[in-house]
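One structure is given here, and the rest of the page talks about it.
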Amino acid sequence: MENYAETIKEFVENHAAGLTVVLVAGAGVLALRRWLAGGVCRSKARLEGKTVVITGANTGIGKETALDMAKRGARVILACRDMTRARIAADEIRQMSGNGNVVVKKLDLASLQSVRDFAKDIQENEERLDILINNAGVMMCPKWKTEDGFEMQFGVNHLGHFLLTNCLLEKLKKSAPSRIVIVSSLAHEKGQIHFDDINLDKDYDRIKSYRQSKLANVLFCRELATRLQGTGVTTYCLHPGVIRTELGRHLFPTLALWKRILAMPFMMLIKSPWEGAQTTIYCAVDESLENVSGLYYSDCSPKKVAPQALDDAAAKRLWDLSASMVGLA
Ligand SMILES: NC(=O)c1ccc[n+]([C@@H]2O[C@H](COP(=O)([O-])OP(=O)(O)OC[C@H]3O[C@@H](n4cnc5c(N)ncnc54)[C@H](OP(=O)(O)O)[C@@H]3O)[C@@H](O)[C@H]2O)c1
Ligand SMILES: *[C@@H]1O[C@H](CO)[C@@H](O)[C@H](O)[C@H]1NC(C)=O
């Protein structure tokens, strides 16, 4: 035993420099990994007897969020536009969670009619709605229009969800305390609401459009919190991190090959969908947030928004414009 200790001591003395390097490098790798991992939702909250709606839940962050809600025992409604993909996702979620109460309902956010039909179904057929997660999104697509003629990214990411949320408010209020979680993005920071050309008809730019839509998410969350004060319905918006999903589907095919090759090392830094879902889950269930509303989160903690996302007059103006665009009185 004494010999063994002696040997170790000798080894450490002889290899001090090398060992230091190994320790520092190890600590560095661990720190990098921790930093990459970002926040994790530690809440053990159970959701038996509660109903959760998640838009765009057939893939990416939404699917991972749905799986977590199912594991917590909720009735989970996957609100998706492609029923084939949605059913496959629902099967997988039921199997992985052991929760049979996972259903799919048709929702195409690029159609106001589809949004109204979906909301009517929930209103008539669901007993309650405890958590609404506005997750679906489209990023940097070509200059496309929704069924109602709105620019696609603003139409899906903001307007569709704006109408959906308003149509579900009654149910949410009846089920209070309840929560509305809006998946925004860091991209809001460079965003601007182009009130004079909201559909970017004059000068369409796919990144400008995405940023506008994600800023609209934050402003909507803020204005909604004000309007819902005292109702027991609270709102949250967030940046999920940079996550490996299908979100780049319209962007990557248009990039030159050398750009795609250059981007490869950075792919290592991109987080998994499980990591990407953590802040959404945190906003949806964490007990510490029960009396908080209207704020923005990243890595499972509150984060400052860009100055233009604190503009209450713009939030109000965006609300009025959105209401008139979707035909809400
Ligand atoms: N990934 C990131 O790094 C990142 C970063 C910041 C913010 N976000 C935000 O995170 C959210 C989720 O994105 P993701 O990364 O998980 O992307 P994703 O894998 O592309 O998933 C997007 C989901 O939205 C659905 N969707 C798109 N258009 C729709 C429509 N018209 N009606 C209904 N559903 C529609 C998609 O359905 P289909 O499968 O049928 O197309 C899909 O289920 C988005 O709001 C995005 O802006 C992501
Ligand atoms: C939220 O408010 C209620 C009522 O005032 C209080 O009982 C509860 O402890 C608060 N929760 C948190 C996490 O602060």
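Counting convention: from 1, in listed order, for ligands and their atoms alike.
Under 4.0 angstrom from ligand 1, the non-hydrogen atoms of Tyr210 all belong to its side chain. Counting heavy atoms closer than 4.0 Å to ligand 1, residue Arg244 contributes nothing at all.
The only option from Val103, Leu107, Thr55, Ile93 that meets the side-chain contact (heavy atoms from CB on, under 4.5 Å) definition with Leu78 turns out to be Ile93. With Leu112 as the partner, the side-chain contact (heavy atoms from CB on, under 4.5 Å) test is satisfied by one option alone out of Asp117, Leu164, Leu163: Leu163.
Closest to atom 11 (C) of ligand 1 among all protein heavy atoms lies Asn135 O, 3.0 Å. From the protein, the heavy atom lying nearest to atom 43 (O) of ligand 1 is Asn58 OD1, 2.7 Å. Among protein heavy atoms, the minimum distance from atom 3 (O) of ligand 1 is reached at Ile243 N, 2.8 Å. For atom 29 (C) of ligand 1, the closest heavy atom belonging to the protein is Arg81 NE, 3.7 Å.
At a 4.0 Å cut-off, not a single heavy atom of Met139 sits close enough to ligand 1 to count as contact. Not a single heavy atom of Ala79 sits closer than 4.0 Å to an atom of ligand 1. Using a 4.0 angstrom heavy-atom cutoff, Cys80 does not count as in contact with ligand 1. Assignment of Lys271 to the shell around ligand 1 is not supported, since no heavy atom sits closer than 4.0 Å.
Relative to the ring axis of Phe252, Arg260 does not place its NZ or CZ within 45° and under 6.0 Å from the centre.
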Pairs under 3.5 angstrom only: tabulate donor-acceptor contacts from the side chains of residues 186-194 to other protein residues two or more places apart or in another chain.
unit_1, atom_1, unit_2, atom_2, d
His188, ND1, Ser185, O, 2.9
His188, NE2, Ala306, N, 3.2

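Which parts of ligand 1 touch Thr59 is read off a 4.0 Å heavy-atom cut-off, strictly below it: atoms 19 (O), 21 (O), 39 (O), 42 (C), 43 (O). Residue contact check: Asp108 has heavy atoms under 4.0 Å from atoms 30 (C), 31 (N), 32 (N) of ligand 1. Counting atoms of ligand 1 from 1 in the listed order, those under 4.0 Å from a heavy atom of Leu107 are 32 (N), 33 (C). Against a heavy-atom cut-off of under 4.0 Å, Arg85 is close to the following atoms of ligand 1: 38 (P), 39 (O). Within ligand 1, counting atoms from 1 as listed, the ones closer than 4.0 Å to a heavy atom of Ala110 are 31 (N). If you number the atoms of ligand 1 from 1 as listed, the ones under 4.0 Å from a heavy atom of Val242 come out as 3 (O). Listed by number with element, the atoms of ligand 1 under 4.0 Å from a non-hydrogen atom of Val183 are 9 (C), 10 (O), 11 (C), 45 (O).
A heavy-atom distance below 4.5 Å is found between the side chains of Met69 and Val285.
Of the listed options Ser185, Ala89, Ser111, Gly56, Gly56 places a heavy atom closest to atom 23 (C) of ligand 1. Checking His250, Arg249, Glu246 against atom 36 (C) of ligand 1, the nearest heavy atom belongs to Arg249. Summarising the contacts of atom 26 (N) of ligand 1 with Ala187, Ala136, Pro273, the nearest heavy atom is found in Ala136. With distances taken over non-hydrogen atoms, the option nearest atom 27 (C) of ligand 1 out of Pro240, Gly241, Gly137 is Gly137.
Residue pairs meeting the ring-ring contact (aromatic ring centres under 6.0 Å, His included) criterion with at least one partner in residues 149-178, sequence neighbours excluded, are Phe154-His158, His158-Phe162, His158-Phe220, Phe162-Phe220, Phe162-Trp319. Identified under the side chain to side chain donor-acceptor pair (under 3.5 Å) test for residues 170-181, with sequence neighbours left out: none.
For the residue pair Ser272 and Glu275, a side-chain donor N or O sits within less than 3.5 Å of a side-chain acceptor on the partner.
Under a hydrophobic-cluster definition in which Ile, Leu, Val, Met, Phe, Trp and Tyr are linked whenever side-chain heavy atoms come within less than 4.5 Å, directly or via other members, Val104 and Ile131 are assigned to the same cluster.
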Which protein N or O atoms sit under 3.5 Å from any N or O of ligand 2? Give atom names and distances.
unit_1, atom_1, unit_2, atom_2, d
ligand 2, 2 (O), Asn291, OD1, 3.2
ligand 2, 2 (O), Asn291, ND2, 2.4
ligand 2, 11 (N), Glu290, OE2, 2.8
ligand 2, 11 (N), Asn291, ND2, 2.9
ligand 2, 14 (O), Asn291, ND2, 3.4

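A 6.0 Å sphere centred on NZ of Lys106 holds more than 12 heavy atoms belonging to other residues, nucleotides or ligands.
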